[in-house]
Q: 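Handing you this structure, nothing more for now.
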Amino acid sequence: MPVITEHHVNFYDTDAMAVVHHSNYIRWFEIGRVEYLRSIGITLGELMDDGFVFPITDVRAKYVSPGKFDDVVLIETTPTALTKAKMAFDYRIIRKADGEVMVTGHSQNVFTSRETGHITRLPEKYYRILAAAMAKEKALSSK
């Protein structure tokens, strides 16, 4: 089941054409990822305190319908892949008022040592939580 985060489009999110600037959707994907992790009991602060960072290695977005100032959007975040070294997510940004999909997207992140900057394997402390959440996601999507 995807995690859904509500976001109110701010004036500074828009460009000279009065629509949401495309770069903001990538930022909103991050809001969704952070909220997804929080929803399963992991915070980025805790990961960083334990010496891990979670940089993006791949991100893409398909723009379907423009957002505008004052829209309320729903950021739908679904985990799609997990190993001890990386994790991937799919996204949908939906206009709450009419349910129209504005953007779809995907990202892949790697677990990296904060100290060395090298990709590292996530310890069981976190992997167990993520693997359980992924198993639950797969069970729900197969119904």
Side-chain angles (χ1 to χ4, degrees), residues 1-114 116-123 125-142:
M1 179 151 222
V3 169
I4 297 174
T5 308
E6 192 169 290
H7 178 75
H8 210 115
V9 176
N10 296 295
F11 182 73
Y12 61 77
D13 291 327
T14 62
D15 61 17
M17 296 179 286
V19 299
V20 173
H21 189 270
H22 65 277
S23 64
N24 287 300
Y25 295 103
I26 305 302
R27 290 178 46 241
W28 297 348
F29 292 173
E30 181 176 353
I31 290 170
R33 274 192 312 280
V34 169
E35 191 57 38
Y36 173 80
L37 292 173
R38 187 178 289 125
S39 78
I40 62 170
I42 297 173
T43 67
L44 285 184
E46 182 182 14
L47 274 171
M48 290 190 299
D49 288 347
D50 284 348
F52 300 95
V53 290
F54 196 43
I56 289 179
T57 57
D58 180 39
V59 65
R60 54 189 178 270
K62 179 173 174 59
Y63 303 97
V64 181
S65 177
K68 298 192 182 326
F69 168 65
D70 237 9
D71 281 346
V72 175
V73 298
L74 304 175
I75 306 163
E76 184 181 276
T77 307
T78 305
T80 57
L82 173 70
T83 71
K84 285 195 173 191
K86 66 184 174 182
M87 188 166 189
F89 298 89
D90 282 347
Y91 310 92
R92 291 188 331 148
I93 307 292
I94 302 162
R95 186 178 302 103
K96 186 176 180 180
D98 60 10
E100 185 168 0
V101 174
M102 299 159 59
V103 173
T104 60
H106 176 83
S107 72
Q108 177 181 281
N109 297 65
V110 293
F111 301 108
T112 306
S113 166
R114 189 173 185 186
T116 67
H118 296 129
I119 295 173
T120 189
R121 295 172 65 78
L122 203 58
K125 171 184 177 180
Y126 296 111
Y127 183 75
R128 186 174 45 253
I129 295 168
L130 290 166
M134 282 295 299
K136 183 177 177 184
E137 183 64 35
K138 286 182 181 181
L140 289 171
S141 67
S142 67

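Starting from 1, each residue takes its place in the sequence as its number.
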Q: Does a side-chain heavy-atom distance below 4.5 Å link Ile42 with Leu47?
A: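 Contact flag for Ile42/Leu47 side chains = yes.
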Q: Which residue is it: Met102, Glu6, His7? I am looking for the one with a side-chain contact (heavy atoms from CB on, under 4.5 Å) to Leu74.
A: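 The residue from Met102, Glu6, His7 that satisfies side-chain contact (heavy atoms from CB on, under 4.5 Å) with Leu74 turns out to be Glu6.
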Q: Do the side chain of Asp13 and the main chain of Val20 share a donor and acceptor less than 3.5 angstrom apart?
A: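 No; judged by distance alone, with no hydrogens or angles, the pair does not exist.
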Q: Rounded to the nearest 0.5 Å, what separates atom CD1 in Ile40 from atom OH in Tyr126?
A: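 Reported value, rounded in 0.5 Å steps: 11.5 Å.
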Q: Within the structure provided, determine whether Ser65 and Val101 are in side-chain contact (heavy-atom separation under 4.5 Å).
A: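 Counting from C-beta outward, Ser65 and Val101 never come under 4.5 Å.
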Q: Please report the closest heavy-atom contact between Ile119 and Ala85, naming both atoms and the distance.
A: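 In terms of heavy atoms, the two residues are closest at CG2-CB, 4.0 Å.
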Q: Can you list the steps and then say if Gln108 with Ile56 is a side-chain contact (heavy atoms from CB on, under 4.5 Å)?
A: CA-CA 6 Å; Gln108 177 181 281; Ile56 289 179; over 6 Å; no
Q: Within a strict 4.5 Å, meaning less than it, do heavy atoms of the Met87 and Leu130 side chains meet?
A: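 Result yes, sub-4.5 Å side-chain heavy-atom pair found.
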Q: Measuring from atom CD of Glu35 to atom OG1 of Thr77, what distance do you get when rounded to the nearest 0.5 angstrom?
A: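 Result: 8.5 Å between the selected atoms.
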Q: Out of curiosity, Asn109 CG to Phe29 CZ, how far, rounded to the nearest 0.5 Å?
A: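 Asn109 atom CG to Phe29 atom CZ measures 12.0 Å (nearest 0.5 Å).
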Q: Measuring from atom NE2 of His22 to atom CG of Asp15, what distance do you get when rounded to the nearest 0.5 angstrom?
A: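 Between atom NE2 of His22 and atom CG of Asp15 there are 9.0 Å.
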Q: Is the gap between the ring centers of Tyr36 and Phe89 under 6.0 Å?
A: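 Close enough - the centres of the two rings lie under 6.0 Å apart.
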Q: On a heavy-atom basis, which atom in Glu76 and which in Pro2 lie closest, and how many Å separate them?
A: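 Scanning both residues completely, I find the closest heavy atoms to be CG-CB, 3.4 Å.
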Q: Less than 4.0 angstrom from a charged side-chain N to a carboxylate O is my criterion; do Glu46 and Arg38 meet it?
A: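 Salt bridge flag = no for Arg38 with Glu46.
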Q: Would you confirm whether Asp98, through its side chain, and Glu100, through its main-chain N or O, come within 3.5 Å as a donor-acceptor pair?
A: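 Pair found, side chain donor or acceptor close to backbone of Glu100.
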Q: With side-chain contact (heavy atoms from CB on, under 4.5 Å) as the test, would you mind laying out the steps for Val53 and Leu44 before giving the verdict?
A: CA-CA 8 Å; Val53 290; Leu44 285 184; over 6 Å; no
Q: Under the side-chain contact (heavy atoms from CB on, under 4.5 Å) criterion, do Trp28 and Val9 qualify, and how do the steps go?
A: CA-CA 10 Å; Trp28 297 348; Val9 176; 3.7 Å; yes
Q: What are the two closest non-hydrogen atoms of His106 and Asp90, and how far apart are they?
A: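 Heavy atoms of His106 and Asp90 come nearest at ND1-OD1, 2.7 Å.
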Q: If you apply the rule salt bridge (Lys or Arg N to Asp or Glu O under 4.0 Å), what do you find for Arg60 with Asp58, and how did you get there?
A: CA-CA 7 Å; Arg60 54 189 178 270; Asp58 180 39; 2.6 Å; yes
Q: Is Arg114 salt-bridged to Asp50, going by a charged N under 4.0 Å from an acidic O?
A: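 Here Arg114 does not pair with Asp50 in a salt bridge, since their nearest N and O are not under 4.0 Å apart.
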Q: Are a donor atom and an acceptor atom from the side chains of Thr104 and Tyr91 found within less than 3.5 Å of each other?
A: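 Note: Thr104 and Tyr91 side chains miss the donor-acceptor criterion.
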Q: Establish, yes or no, whether a centroid distance under 6.0 Å links the rings of Phe52 and Phe111.
A: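 No, the ring centres sit 6.0 Å or more apart.
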Q: Under the side-chain contact (heavy atoms from CB on, under 4.5 Å) criterion, do Ile26 and Glu30 qualify, and how do the steps go?
A: CA-CA 7 Å; Ile26 305 302; Glu30 181 176 353; over 6 Å; no
Q: Can you name the closest pair of heavy atoms from Leu122 and Tyr127 and give their distance?
A: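 Where Leu122 meets Tyr127 most closely, the heavy atoms are CD2-N, 4.0 Å.
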Q: Looking at every non-hydrogen atom in both residues, tell me the closest pair between Thr80 and Met134 and how far apart they are.
A: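 Closest heavy-atom pair between Thr80 and Met134: C-CE, 3.6 Å.
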Q: Provide the closest heavy-atom pair for Thr112 versus Thr120 in the form atom of the first, atom of the second, distance.
A: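 Result for this residue pair: C-CG2, 3.8 Å.
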Q: Counting heavy atoms not belonging to Lys84, are there more than 12 under 6.0 Å from its NZ?
A: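 It does: Lys84 NZ has more than 12 such atoms within range.
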Q: At what distance, to the nearest 0.5 angstrom, does CZ of Arg95 lie from CG of Asp71?
A: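 So the CZ of Arg95 and the CG of Asp71 are separated by 5.0 Å.
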Q: Calculate, to the nearest 0.5 Å, the distance between atoms CD and CG belonging to Glu137 and Leu82 respectively.
A: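 Rounded to the nearest 0.5 Å, the CD-CG separation comes to 12.0 Å.
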